K.L.:
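My questions all concern the structure below.
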Amino acid sequence: MKSDVINVSSKADQIEKVLSQAERVAVYQQLSPKAALRLRLLAEEMMSLVRAISGEVEGKFWIENEGSEYELHLLANIKTYYEEREKLLSVASSGKNEAHRGFLGKIRAFFEPIGEVPEFFDLSADELGAVSVWSMRAYETTLRQYVQEERSGAAEAWDELEKSVLAHLADEVKVGIREDTVEMTVLKNLA
């Protein structure tokens, strides 16, 4: 089943529409109250990402499921505004985007116009380099290894991951990039 597709924007707050959509899916699929709450929280975490993006992002949100396997999708078309981003960064005392702190902030970096790939985020591309994909579970595995090796910044990154609501609720989070399009998919088994 695929839910209705909702238009979302970093410039307008559609969180109520998205949360209502998650609730409708939960009712239609006859999810338990606990599973319905998890679905709603995952949708809310995704929308908090959209609200926090600096720059203009227009996208679409929807939920799909097959049996108890649920996928929450956020597909965004990124419009690059160099002047707007430079103006925002010039106000920061460090000249850097300090908002990329925390696990969700690092994922948000994929949606930021002309953003850099966050530290410890290993992207893999297909043979043509057309699509880059990041996986939360692969990140977690790599980060665990970096902590054991005592690499600089690894312990702080692990702590951020441990504090993330999204990381605790989701079975997997994938972010795919193709040209001006970024798709974030959150996977959760709600059995």
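Nothing here was measured: the structure is a model prediction, and the numbers come from that model.
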K.L.:
If hydrophobic clusters are built from ILVMFWY residues whose side chains come within less than 4.5 Å, do Leu41 and Leu187 share one?
P.N.:
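Different clusters.
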K.L.:
If we only count heavy atoms from C-beta on, is the Ile6 to Lys60 side-chain gap below 4.5 Å?
P.N.:
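Ile6 does not reach Lys60 side chain to side chain.
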K.L.:
About how many Å separate CD of Glu23 and CZ of Arg40, when rounded to the nearest 0.5 Å?
P.N.:
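The CZ atom of Arg40 sits 4.5 Å away from the CD atom of Glu23.
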K.L.:
May I ask you to check whether over 12 heavy atoms, not counting those of Glu149, lie within 6.0 Å of atom CD?
P.N.:
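Yes, CD of Glu149 has more than 12 neighbouring heavy atoms, counting only those of other groups under 6.0 Å.
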K.L.:
Any side-chain heavy-atom pair from Leu72 and Leu39 closer than 4.5 angstrom?
P.N.:
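The answer is yes, as the side chains (C-beta and beyond) meet within the 4.5 Å cut-off.
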K.L.:
Indicate yes or no: at least one non-hydrogen side-chain atom of Met1 is less than 4.5 angstrom from one of Val25.
P.N.:
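They are in contact (side-chain heavy atoms under 4.5 Å apart), so the answer is yes.
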K.L.:
CH2/Trp158 to CD/Gln148 distance, rounded to the nearest 0.5 angstrom?
P.N.:
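Nearest 0.5 Å value for the CH2-CD distance: 9.0 Å.
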K.L.:
Does Leu190 reach the side chain of Arg38, with side-chain heavy atoms less than 4.5 Å apart?
P.N.:
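A side-chain contact exists here, since the closest heavy-atom pair is under 4.5 Å.
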K.L.:
For residues Met47 and Glu44, determine if any side-chain heavy atom of one lies less than 4.5 Å from a side-chain heavy atom of the other.
P.N.:
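Heavy-atom side-chain distance check fails, nothing below 4.5 Å.
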K.L.:
Once rounded to the nearest 0.5 Å, what's the spacing between atom CG of Leu143 and atom CG of Leu161?
P.N.:
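So the gap between those two atoms works out to 6.5 Å.
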K.L.:
Please name all residues satisfying salt bridge (Lys or Arg N to Asp or Glu O under 4.0 Å) with Arg24, sequence neighbours left out, ordered by chain then number.
P.N.:
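So Arg24 forms no salt bridge (Lys or Arg N to Asp or Glu O under 4.0 Å) with any residue.
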K.L.:
Between Tyr139 and Val165, is there a shared hydrophobic cluster once you connect ILVMFWY residues whose side-chain heavy atoms come closer than 4.5 Å?
P.N.:
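Yes, Tyr139 and Val165 fall within the same hydrophobic cluster.
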K.L.:
If I take atom CE from residue Met136 and atom CG from residue Asp171, how far apart are they, to the nearest 0.5 angstrom?
P.N.:
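The CE atom of Met136 sits 7.5 Å away from the CG atom of Asp171.
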K.L.:
Do NZ/NE/NH1/NH2 and the carboxylate oxygens of Lys163 and Glu160 come within less than 4.0 Å?
P.N.:
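No.
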K.L.:
If we ignore hydrogens and angles and just use 3.5 Å, is the side chain of Lys2 paired with the main-chain N or O of Trp62 as donor and acceptor?
P.N.:
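Judged by distance alone, no pair lies under 3.5 Å.
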K.L.:
Rounded to the nearest 0.5 Å, what separation is found between the CH2 atom of Trp134 and the CE atom of Met184?
P.N.:
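It comes to 7.5 Å.
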K.L.:
Taking all non-hydrogen atoms of both residues, which atom of Glu172 and which atom of Ser135 are closest, and how far apart?
P.N.:
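Result for this residue pair: OE2-OG, 2.7 Å.
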K.L.:
If I take atom OG1 from residue Thr142 and atom CZ from residue Arg137, how far apart are they, to the nearest 0.5 angstrom?
P.N.:
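One finds 12.5 Å between OG1 of Thr142 and CZ of Arg137.
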K.L.:
Answer whether the closest heavy-atom distance between the side chains of Leu42 and Leu166 falls below 4.5 Å.
P.N.:
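Leu42 vs Leu166: side chains touch.
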K.L.:
For Gln21 and Asp4, indicate whether the former's side chain and the latter's backbone hold a donor-acceptor pair under 3.5 Å.
P.N.:
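The answer is yes, because a donor-acceptor pair under 3.5 Å joins these two groups.
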K.L.:
Under a 3.5 Å distance rule, please check whether Ser48 uses its side chain to pair with a backbone N or O of Glu45 as donor and acceptor.
P.N.:
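Yes.
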K.L.:
Side-chain contact test, heavy atoms from C-beta onward, threshold under 4.5 Å: evaluate it for Ile63 versus Asn65 and give yes or no.
P.N.:
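Heavy-atom side-chain distance check fails, nothing below 4.5 Å.
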